Amino acid sequence: MDTDSILAGLNNKQLEAVTLPHQSALILAGAGSGKTRVLTTRIAWLIQTGQISPMGLMAVTFTNKAAKEMLTRLTAMLPINTRGMWAGTFHGLCNRLLRAHYREAGLPSTFQILDTGDQLSSIKRLMKLLNVDDEKYPPKQVQGYINSCKEEGLRAHAVEAYDAHSQKLREIYEEYDKQCNREGVADFAELLLRCYELLEREVHIRTHYQQRFQYILVDEFQDTNRLQYLWLKLLAGANNCLFAVGDDDQSIYGFRGARVGNMRDFERDFNVQNIVKLEENYRSHSNILDAANAIISHNKHRLGKNLWTSAGKGEPIRIYDAYNDTDEAQFIVDEVNMLQNEGVALGDIALLYRSNAQSRILEHSLFAANIPYRVYGGLRFFERAEVKHAMAYLRLIANAHDDTALLRIINFPARGIGARSLEQLQEAARTENCSLWQSAINKVGNGKAGAKGLEGFVALIRELVDQAYGITLAEMTELATTLTGLKAHYQNEKEGEDRIANLEELVTAAVAFSNQDFGNHNNVNDDADILTQFLNHASLEAGEHQADAGREALQLMTVHAAKGLEFNAVFISGVEEGLFPHEQSTYENNGVEEERRLMYVAVTRARQRLYLSHAQSRMLHGQVRYGIPSRFLDEIPDSLTKRLNSKPAPKTYATGGVYQTSTSAQSNYPYKIGQSVRHAKFGEGVVVSYEGNADNLVIKINFGREGMKSLAMEYAKLEKI
DNA sequence: CGACGTCCCCTTTTT
DNA sequence: GGGGACGTCG
């Protein structure tokens with residue numbers, strides 16, 4: 001392809017972005033504005049015009065999917081081999097750098113990557129060792145603390161801690177890092193931090209890569225955290241340019257450390273002169289875009305952007321006021337059936353919700369109505385217990401001193417190593433300051449009594465390592481599922497068929513991995529053997545969420561999971577105060593703004609038809625909750641919408657009699673639960689519950705944007721509405 | 001050791 | 001309501 005045909009079909013703004021001069025640039029790419037296209041075309045153009053060689057640039061994404069997509073499109077545009085190109089996820093690229101310079105990074109050549117679950121068990125183990133009270137310090141919270149420290153670029157010694165509690169956390173963090181180093185493992189955040197420190201410390205390595213990567217291109221820049229930004233800055237040095245593509249309005253990962261502020265910092269730190277806004281949307285009709293624009297305009301902290309389209313107004317946005325959650329689900333079922341009759345493919349319809357808990361009732365109704373559906377999210381292939389077990393055996397073949405792997409399977413399948421012998425083993429390892437495997441060998445070597453199970457285990461691992469010598473990866477994997485007794489174990493289990501199928505699938509995956517073109521993969525390791533590569537692949541790329549490929553099915557997912565996707569018709573369910581925006585968000589700084597961006601993302605998924613529904617009551621956490629319509633609904637101009645029911649839905653839907661949640665004395669209360677009321681100061685709200693006794697009755701009311709208020713009945717001046 | 005009961009928690013998620 | 005973690009009993 002020549003240069004012209006690469007650039008053909010771009011609009012002016014896209015063309016401007018693609019052909020910017022050799023300077024840092026920020027591309028503000030609105031939803032559906034051709035962001036990925038601009039990014040890949042920019043790369044193709046740089047290469048095609050001879051400004052850069054494929055090896056002289058780095059392209060960074062957040063997900064493996066995005067990286068793959070970029071390379072696929074690139075190959076379609078240019079007759080180049082993407083083999084060996086530095087394009088991949090932050091973690092994949094850091095892993096690659098660390099493999100290449102493992103000595104300088106202070107890591108063993110075969111270091112293993114801890115995924116989230118591994119990390120948690122590693123922390124739990126450490127806390128037990130340190131005798132830390134896990135009530136006071138819940139392991140999950142400790143994990144969150146450690147990860148957010150690392151993502152801020154802070155080692156334990158650099159973290160500020162004023163009170164006893166945070167000092168303890170810092171101490172655990174420090175010990176955790178020591179433990180990881182002892183075991184030669186790195187968690188996800190560690191990959192980044194370690195790589196950052198490597199580049200910062202080793203001047204010659206840094207200079208080498210700075211000279212190499214004259215261009216660094218970053219996708220979804222608004223999702224970068226502090227450390228990722230520092231890493232990019234370090235790699236770019238003083239002379240290279242950063243081409244950042246992002247959309248501040250779609251920043252929805254603040255809760256996991258993303259800093260939209262990086263966009264402003266980037267402008268300042270890199271003296272960015274080129275800011276290109278891509279505002280023409282090729283996805284949705286204008287009613288949908290206008291609604292999205294209207295919603296997001298209520299956010300104060302924006303870089304400023306307004307989507308437009310040359311497509312017509314399209315259909316109005318349909319709003320449905322459901323009586324309760326069942327009614328809402330039934331409404332969606334009916335509409336989906338109707339859409340199907342109109343010829344819309346099921347796979348082109350999405351059903352979105354704010355939180356996973358909402359999917360249950362929706363699924364129930366879909367199932368009853370015989371509508372095939374597919375739920376995104378949940379367990380991935382390499383996260384399944386049986387697969388992790390098999391992988392643990394493989395990890396021990398690679399490195400028997402991997403305590404996390406050893407602990408996972410030392411007694412699985414059961415071989416008589418109970419909690420007590422395990423404790424003894426850990427105790428011994430601690431005093432000898434060695435790995436559990438080493439300590440197990442010592443014990444067995446000593447011929448100590450009562451170590452029957454342990455003897456068997458040591459023999460098994462030795463046998464495994466012996467037999468693994470010189471065979472293929474697939475054969476090794478087979479060995480890890482059979483010799484170890486894993487498969488046999490599941491054969492005896494009642495519902496083990498799926499698990500066995502997954503173990504067989506793992507062997508297939510190993511075959512496929514061996515056969516593939518390694519250069520085409522972002523986590524290629526220059527130095528490592530194929531087993532290590534496979535283990536990395538499994539950690540870094542947990543595999544597709546279970547795919548029900550081929551079959552036409554309604555797409556169910558959270559709004560977060562829908563980012564980057566588009567559908568002909570979209571249902572957004574549960575558009576209520578407390579759910580969307582989520583109750584928790586109202587307590588957080590700028591929390592509602594992030595929720596609003598989330599709504600913006602949700603709305604902009606739709607090409608032609610958009611449904612927003614809310615329910616007056618719904619079952620949540622086992623009890624009925626009453627909500628009022630989301631403030632986001634009010635933010636959409638009436639001219640764009642069509643109310644499908646002007647009055648609350650007919651009560652015929654109310655099968656379960658949800659309003660009769662009988663707290664026995666309910667009839668004594670002045671207002672029924674669920675009654676809409678008006679308060680002079682707080683406005684409209686819904687009675688949620690009562691607290692206290694008759695002398696001192698407190699009424700709890702959900703005032704929506706004013707929040708949940710508890711008012712003394714005696715003084716609250718309320719008016720029924 | 002595993003089966004069963006009880007308690008507790010409960011946004012969003014990628015690597 | 002329901003899943004996961006933990007504890008007790010056979």
Side-chain angles (χ1 to χ4, degrees), chain A residues 60-67 88-95 113-121 124 134-135 138-141 144 147 150-151 186-192 220 223-225 227-228 251-258 325 352-361 364 376-380 382-383 385 411-420 453 489 492-494 522-523 536-543 545 557-564 574 578-588 591 594-595 597-599 601-602 618-625 656:
Chain A
V60 199
T61 63
F62 275 87
T63 64
N64 292 301
K65 201 173 142 206
T89 63
F90 279 100
H91 294 87
L93 293 168
C94 285
N95 177 47
I113 299 167
L114 296 188
D115 70 15
T116 313
D118 297 334
Q119 184 189 34
L120 187 61
S121 50
K124 281 183 182 163
D134 57 5
E135 301 246 310
K140 277 235 172 68
Q141 271 176 33
N147 287 337
K150 289 190 180 187
E151 279 159 12
D187 57 57
F188 286 133
E190 183 69 22
L191 292 176
L192 279 150
E220 304 278 16
D223 289 339
T224 50
N225 61 37
L227 178 58
Q228 285 159 339
S251 162
I252 55 172
Y253 286 110
F255 70 92
R256 66 173 197 216
D325 43 6
L352 309 184
Y353 34 83
R354 174 64 182 84
S355 66
N356 284 309
Q358 285 166 255
S359 81
R360 220 194 79 253
I361 288 181
H364 184 81
Y376 285 76
L379 264 196
R380 292 148 158 258
F382 283 106
E383 285 167 355
N411 199 35
F412 193 92
R415 46 178 73 90
I417 304 176
R420 231 189 35 196
H489 172 86
N492 295 331
E493 218 172 53
K494 267 172 282 167
N522 61 47
N523 53 2
N536 284 317
H537 167 81
S539 315
L540 284 175
E541 203 168 333
H545 287 294
M557 65 193 88
T558 64
V559 179
H560 281 91
K563 188 173 167 211
L579 204 55
F580 203 173
H582 199 277
E583 195 173 352
Q584 299 282 340
S585 73
T586 51
Y587 308 127
E588 288 161 15
E594 180 146 321
E595 294 288 309
R597 292 192 290 267
L598 200 50
M599 180 56 83
V601 167
R618 75 172 63 237
M619 220 33 180
L620 213 61
H621 306 321
Q623 48 185 339
V624 181
R625 302 236 272 172

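Residue numbering restarts at 1 for every chain, and letters A, B, ... go by the order of the sequence lines. All values derive from a computational prediction rather than experimental measurement.
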- Message: Please give the distance between the P atoms of B/dT13 and C/dG4 as a whole number of Å.
- Response: 16 Å

- Under the side chain to side chain contact (heavy atoms under 4.5 Å, CB included) test, which residues partner A/Thr116, sequence neighbours left out? A/Gln143, A/Phe188

- Message: Do A/Ile252 and A/Val559 have side chains that approach each other closer than 4.5 Å (heavy atoms only, starting at C-beta)?
- Response: no

- Task: Return the value, rounded to whole Å, for the distance between atom NE2 of A/His489 and atom P of B/dC1.
- Result: 12 Å

- Whole-Å distance between B/dT15 C1' and A/Asp223 CG? 13 Å

- Bounds of contact between DNA chain C and chain A, in 5' to 3' order, using a heavy-atom cut-off under 4.0 Å: C/dG1 to C/dG2

- Between CG of A/Leu93 and P of B/dT15 the distance, given in whole Å, is 13 Å

- Task: List in chain and number order the residues that pass salt bridge (Lys or Arg N to Asp or Glu O under 4.0 Å) with A/Glu595, two or more places apart in sequence or in another chain; answer none if no residue qualifies.
- Result: A/Arg354

- Note on the structure: With sequence neighbours left out, the residues meeting salt bridge (Lys or Arg N to Asp or Glu O under 4.0 Å) with A/Glu594 are A/Arg597

- Tell me what A/Thr116 touches on the nucleic acid: a base, only sugar-phosphate, or nothing, going by heavy atoms under 4.0 Å. base

- Message: For A/His489, give me all partners under side chain to side chain contact (heavy atoms under 4.5 Å, CB included), at least two apart in sequence or on another chain.
- Response: A/Phe412, A/Pro413, A/Glu493

- Across all chains, not counting sequence neighbours, the side chain to side chain contact (heavy atoms under 4.5 Å, CB included) partners of A/Asn411 are A/Ala414, A/Arg415, A/Ile417

- Can you name the residues that form a salt bridge (Lys or Arg N to Asp or Glu O under 4.0 Å) with A/Asp115, not counting sequence neighbours? A/Lys388

- Item | A/Asn411, nearest nucleotide to its side chain (from B/dT13, B/dT15, B/dC1) | B/dC1

- Message: In this structure, how many angstroms lie between the C1' atom of B/dT14 and the CD atom of A/Gln119, rounded?
- Response: 13 Å

Show me the protein contacts with nucleotides 6-12 of chain B, counting only N or O atoms at under 3.5 Å.
unit_1, atom_1, unit_2, atom_2, d
B/dT11, O4', A/His582, NE2, 3.2
B/dT11, O4, A/Glu588, OE2, 2.6
B/dT12, OP1, A/Asn356, N, 2.7
B/dT12, OP1, A/Asn356, ND2, 3.1
B/dT12, O4', A/Arg354, NH1, 3.0
B/dT12, O2, A/Arg354, NH2, 3.0

- What distance, rounded to whole Å, do you find between the two C1' atoms, one in C/dA5 and one in B/dT12? 23 Å

- Note on the structure: For A/Lys140, the side chain to side chain contact (heavy atoms under 4.5 Å, CB included) test, sequence neighbours excluded, returns A/Leu120

- Query: Do you know which two heavy atoms are closest between A/Asn147 and A/Gln119, and how far apart they sit?
  - Reply: OD1-NE2, 2.8 Å

- Task: Identify whether any heavy atom of A/Asn147 sits under 4.0 Å from a base atom; if not, whether one sits that close to sugar-phosphate; answer base, sugar-phosphate or nothing.
- Result: nothing

- Query: Taking atom P of B/dT14 as reference, at what distance in whole Å does atom CD of A/Glu151 sit?
  - Reply: 14 Å

- Provide, to the nearest angstrom, the distance between the NE2 atom belonging to A/His91 and the P atom belonging to B/dT13. 17 Å

- At under 4.0 Å, does any side-chain N or O of A/Arg380 touch on OP1 or OP2 of B/dT15? yes

